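One structure is given below, encoded as structure tokens.
Quick caveat, the model's predicted, so the values are computed rather than measured.
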Number of protein chains: 2
Amino acid sequence: MIQDNTPALAPQRRERLRQMLREGGVARVDDLRKTLEVSVATIRRDLEILEEEGKVRRVHGGAVSMESRLEEPVFENKTNLAAREKQRIAEEAYSLIESDEAIYLNGGSTTLFLARLLRERTDLTVVTNSLQAAIELADSGPRVILIGGELRRISQTMVGPLTSAVLAQVHVDKAFMGTMGFCLKNGLTTTDPNEAYSNEIVAEQAGQVILLADSSKAEKVCFARFSDLEKVDLLVSDKNLSPEYTKELRKRGVKVRTV
Amino acid sequence: MIQDNTPALAPQRRERLRQMLREGGVARVDDLRKTLEVSVATIRRDLEILEEEGKVRRVHGGAVSMESRLEEPVFENKTNLAAREKQRIAEEAYSLIESDEAIYLNGGSTTLFLARLLRERTDLTVVTNSLQAAIELADSGPRVILIGGELRRISQTMVGPLTSAVLAQVHVDKAFMGTMGFCLKNGLTTTDPNEAYSNEIVAEQAGQVILLADSSKAEKVCFARFSDLEKVDLLVSDKNLSPEYTKELRKRGVKVRTV
DNA sequence: TTGAATTTGATCGTTTTTGAACGAAAAGCA
DNA sequence: TGCTTTTCGTTCAAAAACGATCAAATTCAA
């Protein structure tokens, strides 16, 4: 049994402070005191230091973070309707990756789950247009290549004509693509034409296209189309995908795995 | 049969130290002492050696690993040197920005301060290779364009040949550039050649080049050069920049503002 | 084995960090 | 406004950690 009565090192504690501030945006001295189990004097001193460093701005009663946190929409809110499925799909996708491959991840929650699984894989090269995925892998793990372009706020991805400049210069073995909808008739679609544009280029160039999409995306059609179903080599989805539909997909040359 | 009560050899012990540090990210002297069964003096001496080798950073009470995949102790250090100055420099830089301009921010702590000031400016377009700056502006504010490329971990910036693909397609009115060093003789330099490469392209293309650098950067020369001083239109620095040096800079056609 | 060089551990004065105390300043409330 | 409560900054003392020094122990080479 590990005793936790050894106090944290000062920089460690300040790091936690920063983190707490970032998460809530603001925090009161007294709450920080209780959480970190030190005196208010220490908290004040730490905040003073962090203020010097520009990380934090002190206010009466507490402090506010100067660093903006990028909220993670996936792991909490509405998306966790299908979080289970997405996690499993991501794990299945992970098992498809071989050593030293170059892979592409587009934006979306499912691919973000996959990104999380890649944090230890230093052998890989990950190309992505997802800011979230890049952040996930920024500190460690695979070589990360971001494609440039305009940042689309709502999805936190880089999109638009500029993205093609980088995409033209790299080749990925496997492209793991999330999508807003896939459909026998209309192929792969998403809401934003710019997003679709980037996806389209990747789908054309990648060695394999692996679609990661839970069953709720089946037969859904959105505004902007970016690929035929035929371009998809493999669909990884969940068990709720009906056998008939799976059969139909296979008829089109799309391998299907449900997990 | 190897006895375990024979004390480990010094290099062997230091190796274990490194490993323990790597695992936990941090460790306190006292815990290390107990685990390795040597005196605190020995631990301190070992840590001193490892610090000189750059493997470890000592802090009061223990040490933090520099080679762990945790956090950003390096980036950390840089920021806290002159946060006050950097904040002021950033504010001065902010006042130079006009409506509806397109500006460039490279990586570095000073430009990050500037990025924070731009969070409300929806009229601007910000082009950047800094992941941190992009995160700051991801939720609101200016239009953000990231240049693509390989993510350089230590600075959290996108660098390398791929960056030029996007840079070639955009034009910015003003480029706000941080640097590791500027020097009358050697111009602008930074540590990483890839970083320098991107900076160089920007410096060539931008309408104006505005250098943001506190006085500690003066006459400092790093490995990779990316621009002549003559290309710089304006230097914003702090009051510690000597008047003689300022004069010399002006002779070279560089306007100087100290705040 | 002897002697020199290196490493280790203990001691001690100094520095750093921490928490508590207390008057001053700010915020809340009537 | 005037009063109370909370928070702040400063000062001070105790505790912990540090660096320097020196002696003992160990290692290495001759």
Item to complete: Return the set of residues passing side chain to side chain contact (heavy atoms under 4.5 Å, CB included) with Glu23(A) (not counting sequence neighbours), or none when no residue passes.
Response: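 Scan of Glu23(A) (side chain to side chain contact (heavy atoms under 4.5 Å, CB included), adjacent residues dropped) gives Gln19(A).
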Do [X] and [Y] pair up side chain to side chain, a donor and an acceptor below 3.5 Å, judged on atom types alone?
X: Glu91(B); Y: Gln87(B); value: yes
X: Thr258(B); Y: Asp238(B); value: no
X: Ser198(B); Y: Thr163(B); value: yes
X: Ser130(A); Y: Gln156(A); value: no
X: Lys86(B); Y: Thr110(B); value: no
X: Asn106(B); Y: Asn199(B); value: yes
X: Glu200(B); Y: Ser227(B); value: no

Item to complete: Rounded to the nearest angstrom, tell me the gap between atom CZ in Arg33(A) and atom P in dA20(C).
Response: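 Rounding to the nearest Å, CZ of Arg33(A) and P of dA20(C) are 10 Å apart.
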Item to complete: To the nearest Å, give me how far apart NZ (Lys34(B)) and P (dG9(C)) are.
Response: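 So the two atoms are 16 Å apart, to the nearest Å.
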Across the strands shown, which category fits [X] at heavy-atom distances under 4.0 angstrom: base, sugar-phosphate, nothing?
X: Arg28(A); answer: sugar-phosphate
X: Val29(B); answer: sugar-phosphate
X: Val40(A); answer: nothing
X: Arg58(B); answer: sugar-phosphate

By nearest atom, which of the nucleotides [options] is closest to the [X] side chain?
X: His60(A); options: dG9(D), dT7(D), dA17(D); answer: dT7(D)
X: Arg13(A); options: dC8(D), dT18(C), dT8(C); answer: dT18(C)
X: Ser39(B); options: dC8(D), dG9(C), dT17(C); answer: dG9(C)

Discussion item. Taking the six-membered ring of Phe113(A) as reference, does the cationic atom of Arg116(A) (NZ for Lys, CZ for Arg) lie under 6.0 Å from its centre and within 45° of its axis?
Written reply: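 The answer is no; the distance or angle limit is not met.
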Discussion item. If you take any heavy atom closer than 4.0 Å to DNA chain C, which residues from residues 41-49 of chain A end up in contact?
Written reply: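 Contacts with DNA chain C under 4.0 Å: Ala41(A), Thr42(A), Arg45(A).
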Worksheet item: How large an angle, rounded to 10°, do the end axes of the helix from dT1(C)-dA30(D) to dA30(C)-dT1(D) enclose when each is built from five base pairs?
Response: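 Its terminal axes enclose an angle near 40°.
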